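Within every chain, numbering begins at 1; the chains are lettered A, B, ... in the order of the sequence lines, protein sequences first and strands thereafter. Predicted model, so just to flag it, every value in this text is computed and none were measured.
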Protein chains: 2
Amino acid sequence: MAKQNIDRAFNREAQYAAKRRAVIRSAAAAFRRRGYHNTSMVLIAKSLGLSKAALYYYVKSKEEILYECHMMIYDAMDAAVKSVRGKGDTGLGKLQLLYGGFANLLTRDGLGLLADVDSLKGEFQATVLKRRGAIERAVTRIVKQGMGDGSIRKADAKVTVFFLMGALNWLNVWYEPGGRLSGEHIAEAFVEQMSAGIKT
Amino acid sequence: MAKQNIDRAFNREAQYAAKRRAVIRSAAAAFRRRGYHNTSMVLIAKSLGLSKAALYYYVKSKEEILYECHMMIYDAMDAAVKSVRGKGDTGLGKLQLLYGGFANLLTRDGLGLLADVDSLKGEFQATVLKRRGAIERAVTRIVKQGMGDGSIRKADAKVTVFFLMGALNWLNVWYEPGGRLSGEHIAEAFVEQMSAGIKT
DNA sequence: AAATAATTCGACCAGTAAGTCAATATAGGG
DNA sequence: CCCTATATTGACTTACTGGTCGAATTATTT
């Protein structure tokens with residue numbers, strides 16, 4: 001029954017991983033609503049029907065949870081960047097796809113850009129900043145491509161990108177799932193306003 | 001010498017008020033850099049060459065400091081709103097003036113939009129949210145005016161406004177005074193991108 | 001059913017930071 | 001030069017919360 005055993009073990013592992021993800025996701029939602037420091041471990045635990053001690057069976061520290069929250073969103077954004085490779089004939093077209101994808105992540109998929117980078121220390125913070133930088137650089141590259149092919153108006157690329165990323169970030173603060181505005185609606189409006197703001 | 005006494009007393013009062021303001025301003029800068037919860041009262045005190053206990057001679061609590069930080073920026077924004085009354089012939093023109101004014105507050109004047117509203121409780125939080133709502137409503141009013149007079153493309157006003165406010169808010173995260181980009185430069189670029197994004 | 005491994009918990013520990021207070025230093029006014 | 005009000009402090013208290021640990025409980029294997 002070696003095969004069975006392996007299956008079982010695999011299943012257990014998967015179960016563990018799933019629960020760990022649940023912890024991260026639940027914490028992420030709480031962090032987004034109340035902020036990192038206003039969310040205690042007991043609260044995260046209780047919202048999952050667990051005790052605080054049980055939480056530490058799945059994560060090493062609160063900081064690690066925050067770190068994983070960041071990784072989650074950056075994984076998704078990296079995937080979005082990758083998915084527009086080759087697509088879109090102009091820089092602007094590519095950026096439209098990517099920006100819409102980002103907006104969808106933040107609304108439809110319930111992921112949030114956490115701003116609490118300062119609460120992370122050492123290696124954790126360095127990694128998060130590195131990945132954020134990578135995203136910004138990817139967007140900047142596309143913007144510059146657009147400026148090169150004439151689809152995007154020439155301007156300071158850094159300012160342009162930060163302007164656009166800021167609008168996205170603010171979504172966390174005001175967007176409420178299930179409200180009057182659907183995620184798709186917002187994504188569409190954002191892409192339109194973004195495009196109009198930067199195209200030639 | 002009653003007059004003298006009154007003058008002196010007034011001077012003392014002014015001195016007190018000035019020092020109190022200094023506490024708020026210094027704390028605001030620290031909050032913006034490190035975040036509210038990562039900034040201890042001792043740190044605020046030491047950066048002013050005081051002990052923590054002395055701080056409590058000027059403020060009632062840390063929360064009050066955060067509250068006053070918010071009031072400071074909202075006072076400035078209210079003033080900016082007031083200052084564009086009557087100016088600008090179209091909605092777009094008025095919004096350009098206001099948006100540039102906001103950008104200047106955040107860069108040149110070193111004021112920052114604090115996002116830590118969740119760390120405020122009860123009446124404090126209610127007041128801050130009320131004032132933030134008032135600013136958003138003022139901006140929305142101008143946007144709608146612009147949609148009415150044909151200077152601004154018709155769209156969902158709420159989304160439009162939040163998009164623009166988000167870009168402003170993100171300034172706090174990435175803008176560094178004394179860097180390559182001057183406040184004026186950024187304000188100009190923001191106004192241009194904002195205008196292009198929403199005009200007809 | 002016994003033995004073993006995976007989960008979960010109550011109770012506790014330790015560090016941190018806000019806030020208090022009695023005591024002290026400083027500065028003008030008489 | 002004293003006296004009063006203002007300004008400042010060191011030492012202390014208090015409350016919270018992240019994190020640990022051994023025991024208990026539950027699931028799994030043999």
Side-chain angles (χ1 to χ4, degrees), chain A residues 1-24 26-27 30-31 34-69 116 118-122 124, chain B residues 1-23 26-27 30-31 34-69 116 118-121 124:
Chain A
M1 313 272 151
K3 182 74 183 336
Q4 283 260 347
N5 283 347
I6 290 168
D7 281 2
R8 293 287 166 96
F10 187 78
N11 195 27
R12 265 205 310 275
E13 238 177 275
Q15 208 76 17
Y16 178 88
K19 272 200 174 176
R20 191 186 137 93
R21 260 197 309 277
V23 169
I24 311 284
S26 176
F31 289 167
R34 285 191 243 293
Y36 177 68
H37 287 282
N38 301 317
T39 306
S40 70
M41 290 297 271
V42 271
L43 194 127
I44 297 173
K46 271 202 279 194
S47 81
L48 288 161
L50 287 176
S51 75
K52 179 177 59 161
L55 235 53
Y56 284 88
Y57 184 66
Y58 296 100
V59 296
K60 234 179 81 61
S61 68
K62 190 185 180 187
E63 198 184 346
E64 193 193 67
I65 297 183
L66 182 58
Y67 174 75
E68 293 291 356
C69 289
D116 269 305
D118 302 304
S119 303
L120 255 24
K121 305 191 201 310
F124 277 159
Chain B
M1 311 274 148
K3 183 74 183 334
Q4 284 259 349
N5 283 348
I6 290 168
D7 281 1
R8 294 287 163 94
F10 186 80
N11 195 28
R12 266 202 310 274
E13 237 178 276
Q15 208 76 15
Y16 178 89
K19 272 199 173 176
R20 190 184 139 94
R21 260 196 309 276
V23 169
S26 176
F31 288 166
R34 284 190 245 292
Y36 177 68
H37 287 282
N38 301 317
T39 306
S40 70
M41 290 297 270
V42 270
L43 194 129
I44 298 172
K46 269 202 280 196
S47 80
L48 288 161
L50 286 176
S51 74
K52 178 176 62 159
L55 236 52
Y56 284 88
Y57 184 67
Y58 296 101
V59 297
K60 234 177 82 61
S61 69
K62 190 185 181 187
E63 199 185 344
E64 192 194 68
I65 297 183
L66 181 57
Y67 174 75
E68 293 291 356
C69 289
D116 269 307
D118 303 302
S119 303
L120 255 23
K121 303 190 202 312
F124 277 159

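In this structure, B/Lys46 atom NZ and D/dT8 atom C1' are separated by 17 Å, rounded to whole Å. For the pair B/Met41 CE and D/dT14 P, the interatomic distance rounds to 19 Å; values are reported in whole Å. As a whole-Å value, the separation of B/Lys62 NZ from D/dA15 P is 18 Å. We find that CG of B/Leu55 is positioned 15 Å from P of C/dA17, with the value rounded to whole Å. Between the CG atom of A/Leu43 and the P atom of D/dT17 there is a distance of 10 Å, rounded to whole Å. Spacing between atom CG of A/Asn11 and atom P of D/dA27 amounts to 14 Å, rounded to whole angstrom units. One can place CD1 of B/Ile44 at 12 Å from C1' of C/dA17, the figure rounded to the nearest angstrom. The OH atom of B/Tyr56 sits 15 Å away from the C1' atom of D/dA11 (whole-angstrom rounding).
Among pairs with a residue in residues 40-68 of chain B, those fulfilling salt bridge (charged side-chain N to carboxylate O under 4.0 Å, His left out) read B/Arg20-B/Glu64, B/Arg20-B/Glu68, at least two apart in sequence or across chains.
Closest heavy-atom contact between A/Tyr67 and A/Leu120: N-CD1, 4.2 Å.
Note: A/Tyr36 OH to A/Ile65 CD1 = 7.5 Å, rounded to the nearest 0.5 Å. The CD1 atom of A/Ile24 lies 8.5 Å from the CZ atom of A/Phe31; values are rounded to the nearest 0.5 Å.
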Please write out each protein N/O paired with an N/O of nucleotides 6-9 of chain C under 3.5 Å, distance rounded to 0.1 Å.
residue, atom, partner, partner atom, Å
C/dT7, OP2, A/Tyr57, OH, 2.5
C/dT8, OP1, A/Lys19, NZ, 2.8
C/dT8, OP2, A/Tyr58, OH, 2.7
C/dC9, OP2, A/Ser51, N, 2.7
C/dC9, OP2, A/Ser51, OG, 3.2

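A side-chain donor-acceptor contact under 3.5 Å links B/His37 and A/Asn38.
A side chain to side chain contact (heavy atoms under 4.5 Å, CB included) with B/Ser26 holds for exactly one of B/Leu48, B/Leu50, B/Leu43; it is B/Leu48.
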